[in-house]
Amino acid sequence: MTEDAKLAAIRAEIDQTDERIAALLEQRLNLIEQAAGRKEQLGLPVRDEEIEQKKLLRMAAQAPDAFRKQCTDEIFRQLMAVSRKDQYQRRGGACRGIGARDFTRIPELAREGKTVVFQGVEGAYSQQAMQQYFGEQVPNFHVPSFAQAMQAVSEGDADYAVLPIENSSAGQVGDVYDLLLRFDNTIVGETYLPVRHCLLGTAGASELSIRRVFSHPQGLMQCGRYLNSHPDWQQISQPNTALAARRVVEDASPEEAAVASALCAKQYGLRILREAINDNPHNTTRFIIVSRNRQYTESAAKVSICFEIVHEVGSLYNALSHIIYNGLNMNKIESRPIPDRPFEYRFFVDFEGNLSQAGVENALTGLQSEVRMLRILGNY
């Protein structure tokens, strides 16, 4: 028998073994379905972690070596995970309610007569995002910090807040992610604002006269190629781009410039010395619209959640698999450290769907059983 013939014989035996495994899997699934029906009649939860753990230990103990123990553990973890997902989906209406219980479904977001707060000062990109979403005539006011904006909404001083949450170049705005958990506010909308940084100076300034450039640290970073081509310019951080522009106005020096928007130039009477100095011409910031009302519109198509997991093998996979199993497309995942638990993390996930959909409800129900904490941040 040639070597290839031997391999073919082995593969044939593997196929026969796989067929027996498939038949046993079908038998197991039928038994699980019977057990699931009985548990539902008795009002028992889908998952019993103590029973699962005992079975994992018992099955792994039958393996002859460490490698096979690991294989056995992984296979039976997957079998039990698939079983749980199937049970959540079969329970259907019994599992529903995690989203609908706390959120009100509305035809569309109310905007007429509403007040909006944004962080920064007049001319800030947040103001541009607000105007883009609500229109230029919307009643509004501004506050110095993201936390104050969230507080204004929470306490009823504003109906909505507009906050940056991520930039295509600089990544997440971590403070805003943290504030979504600190305050009991809800994401009800989003808008994407193209960021077009300009070099702004006083009437007598020029690129030749500039010695100091002010901007938010991200603004300086996003224009690094242009700014670093002027090594004699000192780059100085400011709380935001609009404050940088205001500083240049107040100092009234031809040696100073700000990296900010064209709106800032208009707002503060500065001259645009150079337009579009971004390294990335497609630089875009995503802003979220936050309300104190837990509601979502009929057309909402994105769900944002936050969860914490136990610190053990496979816990993140098991959590996310409920999104996959229910046919939902995950748009993004971010992690943030948990302040009082070193090297443990919260996960922020966006996926497509509406809280009224059975698949979304089932995914959230399953997820809740896998994680230590689950919070729906919004559906918009």
Side-chain angles (χ1 to χ4, degrees), residues 98-167 172-195 239-243 261 263-264 267 284-306 331 348 350 353-356 360 375-380:
I98 287 181
R101 179 182 61 218
D102 297 327
F103 285 74
T104 302
R105 189 181 182 193
I106 58 175
E108 60 182 22
L109 195 64
R111 304 190 190 198
E112 190 69 29
K114 302 299 182 181
T115 300
V116 183
V117 61
F118 65 92
Q119 180 272 336
V121 297
E122 292 183 353
Y125 283 108
S126 292
Q127 183 185 26
Q128 286 186 253
M130 176 195 69
Q131 293 176 351
Q132 179 172 280
Y133 191 86
F134 290 99
E136 295 187 5
Q137 303 306 314
V138 64
N140 67 88
F141 63 96
H142 49 86
V143 292
S145 69
F146 297 140
Q148 287 170 305
M150 289 289 273
Q151 186 172 0
V153 170
S154 182
E155 294 180 353
D157 296 326
D159 298 290
Y160 303 109
V162 178
L163 300 168
I165 195 164
E166 64 175 322
N167 177 267
Q172 63 171 252
V173 183
D175 290 348
V176 174
Y177 276 98
D178 295 339
L179 290 169
L180 287 170
L181 291 183
R182 178 177 159 191
F183 290 89
D184 191 27
N185 294 329
T186 301
I187 306 173
V188 294
E190 66 179 352
T191 189
Y192 290 81
L193 181 73
V195 177
N240 59 57
T241 55
L243 284 175
S261 67
L263 178 62
C264 276
Q267 188 76 42
T284 302
T285 297
R286 174 187 168 218
F287 289 82
I288 54 172
I289 315 303
V290 174
S291 167
R292 65 183 169 279
N293 298 318
R294 298 178 73 78
Q295 56 189 19
Y296 66 101
T297 64
E298 296 172 354
S299 61
K302 180 188 288 187
V303 179
S304 291
I305 60 174
C306 174
N331 302 110
F348 294 82
D350 293 346
N354 187 285
L355 289 178
S356 65
V360 172
R375 170 103 170 258
I376 302 172
L377 301 176
N379 185 200
Y380 48 97

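Just so you know, these numbers come straight off a predicted model, no measurement behind them. Position 1 is the first residue of the sequence, and the numbers go up from there.
For the pair Arg111 and Tyr133, the distance from NZ or CZ to the six-membered ring centre is under 6.0 Å and the angle to the ring normal is within 45 degrees.
Judged by distance alone, the side chain of Glu155 and the main-chain N or O of Ala152 form no donor-acceptor pair under 3.5 Å. Using a distance-only test at 3.5 Å, with no hydrogens or angles considered, no donor-acceptor pair links the side chain of Arg182 to the main chain of Tyr177. Checking side-chain atoms of Gln119 against main-chain N and O of Pro144 turns up a donor-acceptor pair under 3.5 Å. In this structure, Gln267 contributes its side chain and Leu263 its backbone to no donor-acceptor pair below 3.5 Å.
In this structure, His142 and Phe118 have tilted ring planes: the angle between them lies in the 30° to 60° band.
Here the straight-line distance linking atom OG1 of Thr285 with atom CG of Asn167 works out to 4.0 Å at 0.5 Å rounding. From Asp350, atom CG reaches atom OG of Ser304 across 3.5 Å, with rounding to the nearest 0.5 Å. Taken from CG in Leu163 to CG in Asp175, the straight-line distance is 11.0 Å, to the nearest 0.5 Å. Rounded to the nearest 0.5 Å, atoms CG (Leu193) and CD (Glu190) are 13.0 Å apart. Here Thr191 contributes atom OG1 and Gln128 contributes atom CD; the two are 11.0 Å apart, rounded to the nearest 0.5 Å. The CZ atom of Phe103 sits 6.0 Å away from atom CG of Leu355, with the distance rounded to the nearest 0.5 Å.
The only member of Thr186, Asp102, Ile106 that meets side chain to side chain contact (heavy atoms under 4.5 Å, CB included) when paired with Gln295 is Ile106. Of the residues Asp159, Asn293, Asn185, Val116, the one that meets the side chain to side chain contact (heavy atoms under 4.5 Å, CB included) test with Val153 is Asn185.
At a threshold of 4.5 Å between non-hydrogen side-chain atoms, the residues Val290 and Tyr160 do not count as touching. Looking only at side-chain heavy atoms (C-beta outward), Gln131 and Val138 stay at 4.5 Å or farther from each other. Contact of the Leu180 side chain with the Ile187 side chain is registered, since non-hydrogen atoms from C-beta on lie closer than 4.5 Å. Looking only at side-chain heavy atoms (C-beta outward), Tyr192 and Phe287 stay at 4.5 Å or farther from each other. Side-chain atoms of Ser356 and Arg105, non-hydrogen and from C-beta on, do get closer than 4.5 Å to each other. The side-chain heavy atoms of Arg294 and Asp184, taken from C-beta on, include a pair separated by under 4.5 Å. With contacts defined as side-chain heavy-atom distances shorter than 4.5 Å, the pair Phe141/Thr115 qualifies. Leu377 has its side chain within reach of Phe348: a pair of non-hydrogen atoms, C-beta onward, lies under 4.5 Å apart.
Under 3.5 Å, the side chains of Gln148 and Ser145 contain a donor-acceptor pair of N or O atoms. Under the 3.5 Å distance criterion, with hydrogens and angles disregarded, no donor-acceptor pair is assigned to the side chains of Gln172 and Glu166.
The shortest non-hydrogen separation linking Cys264 to Ala124 is SG-N, 4.5 Å. Residues Pro194 and Gln132 share a closest heavy-atom pair of CD-OE1, 4.4 Å. Nearest heavy atoms, Pro164 versus Ser126: CD-OG, 3.9 Å. The two residues Ala147 and Leu179 come nearest to each other via the heavy atoms N-CD1, 3.6 Å. Between Val162 and Phe134, the shortest heavy-atom contact is CG2-CE1, 4.0 Å.
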Report the C-alpha separation of Ile289 and Tyr380 in whole Å, then their side-chain angles, then the decisive distance to 0.1 Å, and conclude whether the side-chain contact (heavy atoms from CB on, under 4.5 Å) test is met. CA-CA 9 Å; Ile289 315 303; Tyr380 48 97; over 6 Å; no

Would you please test Val117 and Met150 for side-chain contact (heavy atoms from CB on, under 4.5 Å) and show each step? CA-CA 9 Å; Val117 61; Met150 289 289 273; over 6 Å; no

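Summarising the local packing, CD of Glu108 is surrounded by 12 or fewer heavy atoms from other residues, nucleotides or ligands at distances under 6.0 Å.
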